[in-house]
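Chain A is the first sequence line, chain B the second, and so forth, proteins listed ahead of strands; every chain is numbered from 1. Remember, predicted model here, so these are calculated numbers, not experimental data.
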Amino acid sequence: MSPEQCEKLFNRLMNSLKEYKLDWVRDQVAKRISQGKAIKKSVVAQTEWDSTNQGPRRRRKATFVGTEDFGPEERLQLVVQSIRHAVVATCDMQLEVSEGLASGDEPRVIHFYAEDEREPAVVVEPKALFAKLEALERLRKALEHVEREIENGD
Amino acid sequence: MAIEDDLFQEIQTALGAALTPNISSASNAWDLFEAYVLTTVVDAARRQGAQVTYEDVHGNTPTVIYFRTSPGNLFSRAHDYCHAVVDFQNPGIPPLEIHLGVYVSGKSGITHECDVAVLDRAEAQVCRRSNVHPRHSSVVLSCECKFYTSGLGVDLARGFLGLVTEIASTSRFFVTNTTGNSVEKVLSHHGKRWAHDVEPGKPDVDQLRFIIEEAFQYYKAKHS
């Protein structure tokens, strides 16, 4: 995919996150992009000040840390990874938690409660998760497909 | 249709069908990740020969497991919060408890949250009876859990360094589902232990399980 195609897909996926009420994922992607990526740069640095000549006496190359913007391919990669973490991995985790805390062979139902709430904030229900497995597999493959296309370039 | 349109359709369709409505915020994902790490700790204890059972704050065996969403008091009876009981089936080795999101009193006497805490069971029983927080010296192992979808900020490493100063021990782990070069650099520089990419199906989960097993091994050896 070309940088323009990556940019277009990135924007559409960011809109999808909003549409599916995954604003928390979208916010994290946006924050990460605004922070940029750290890079190491070798630059000529002034090492001593010559007061007689009012200028640098010696110049030497040194490594500095800088920040660069993410490119279109990297931004697309970031949103793809974020969907994988937020949707695919959390579903896998729910399955592993309910199986890991199983009573005998029966996966366990798990409720997460805040101290001052009467209703659970999260309910992990194994039966509801099993119904999602096929769609999850399709999503996993679709995300991998995007990553292959990014890798292949133009 | 252009390739980016095909790819978008593929993801859009699958995403709608795959979403689980219970994970609708970052805090829901954090709670789940802590429970996932707790499950890994339970698994490590079993691999070290322990029998692991579950009980609630009243000492009853639960059918449904209740966990906290935010840090709380180990002795809280607001809900029937549950913990795991770890018994190495050796009378010389004191049993342990594994808790999610409880306060522990640090060296300064101030309380701090431990996302996953493995505690001396006798201390935990005293805490439940007397409505007090476990002391830092009773924490055998703890994990600070961070779930993020796109990288980690270095502030998380600073927070962890502060926590291990207060609740000092070699078995304090910074555990995350993602990676963060700056976080890993800071923690490694200060000799702190961390595990990244901890998600189902990734080899780093085995690495986490291994270092936790090692902590249990030391605990058993100390009391054998």
Between [X] and chain B, with a heavy-atom cut-off of 4.5 Å, which part of the residue counts as in contact: side chain, backbone, both or neither?
| X | result |
| --- | --- |
| A:Val87 | side chain |
| A:Leu22 | side chain |
| A:Glu117 | backbone |
| A:Ile83 | side chain |
| A:Leu129 | side chain |
| A:Glu149 | side chain |

Just give me the residue among A:Arg84, A:Met1, A:Lys21, A:Gln81 that pairs up with chain B most often, heavy atom to heavy atom, under 4.5 Å.
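Most pairs with chain B among the choices: A:Met1.
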
Of the backbone (N, CA, C, O) and the side chain (C-beta and beyond), which part of [X] lies under 4.5 Å from a heavy atom of chain A, both, or neither?
| X | answer |
| --- | --- |
| B:Asp31 | both |
| B:Tyr81 | side chain |
| B:Tyr36 | both |
| B:Asn181 | neither |
| B:Thr63 | backbone |

Interatomic spacing from [atom1] in [X] to [atom2] in [Y] - rounded to 0.5 Å:
| X | Y | atom1 | atom2 | result |
| --- | --- | --- | --- | --- |
| B:Leu19 | A:Lys132 | CG | NZ | 7.0 Å |
| A:His111 | B:Asn22 | NE2 | CG | 10.5 Å |
| A:Trp24 | B:Thr149 | CH2 | OG1 | 6.0 Å |
| A:Glu7 | B:Glu4 | CD | CD | 11.5 Å |
| B:Leu38 | A:Leu101 | CG | CG | 6.5 Å |
| A:Leu136 | B:Thr20 | CG | OG1 | 8.0 Å |

Mind listing the closest non-hydrogen atom pair of B:Pro62 and A:Arg108 along with its distance?
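Answer, listing the atom of B:Pro62 first, then A:Arg108: O-NH1, 2.8 Å.
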
Would you name the heavy atoms of B:Pro200 and A:Glu96 that are closest together and state the gap between them?
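Between these two residues, the closest heavy atoms are CB-OE2, 3.5 Å.
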
Any donor-acceptor N/O pair, A:His85 side chain to B:Phe147 backbone, under 3.5 Å
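Not confirmed, A:His85 side chain does not pair with B:Phe147 backbone.
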
Are the side chains of [X] and [Y] in touch, meaning some heavy atoms are under 4.5 Å apart?
| X | Y | value |
| --- | --- | --- |
| B:Glu10 | A:Val146 | no |
| B:Ile11 | A:Leu139 | yes |
| B:Asp6 | A:His145 | no |
| B:Asp5 | A:Lys8 | yes |

Please assess B:Ile65 against A:Val124 for the test side chain to side chain contact (heavy atoms under 4.5 Å, CB included), listing each intermediate value before the final yes or no.
CA-CA 10 Å; B:Ile65 299 270; A:Val124 174; over 6 Å; no

Going by side chain to side chain contact (heavy atoms under 4.5 Å, CB included), name the residues that satisfy it together with A:Lys31, two or more places apart in sequence or in a different chain.
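In terms of side chain to side chain contact (heavy atoms under 4.5 Å, CB included), with neighbours along the sequence ignored, A:Lys31 is linked to A:Gln35.
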
Mind running side chain to side chain contact (heavy atoms under 4.5 Å, CB included) on B:Gln12 and A:Tyr20 for me, showing each step along the way?
CA-CA 10 Å; B:Gln12 176 84 344; A:Tyr20 284 120; 3.7 Å; yes

Return yes when atom CD of B:Gln89 has more than 12 non-hydrogen atoms of other residues, nucleotides or ligands closer than 6.0 Å, and no otherwise.
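Enclosed: over 12 neighbouring heavy atoms sit under 6.0 Å from CD of B:Gln89.
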
Given side chain to side chain contact (heavy atoms under 4.5 Å, CB included), test A:Val122 with B:Leu32 step by step and report yes or no.
CA-CA 8 Å; A:Val122 181; B:Leu32 177 64; 5.9 Å; no

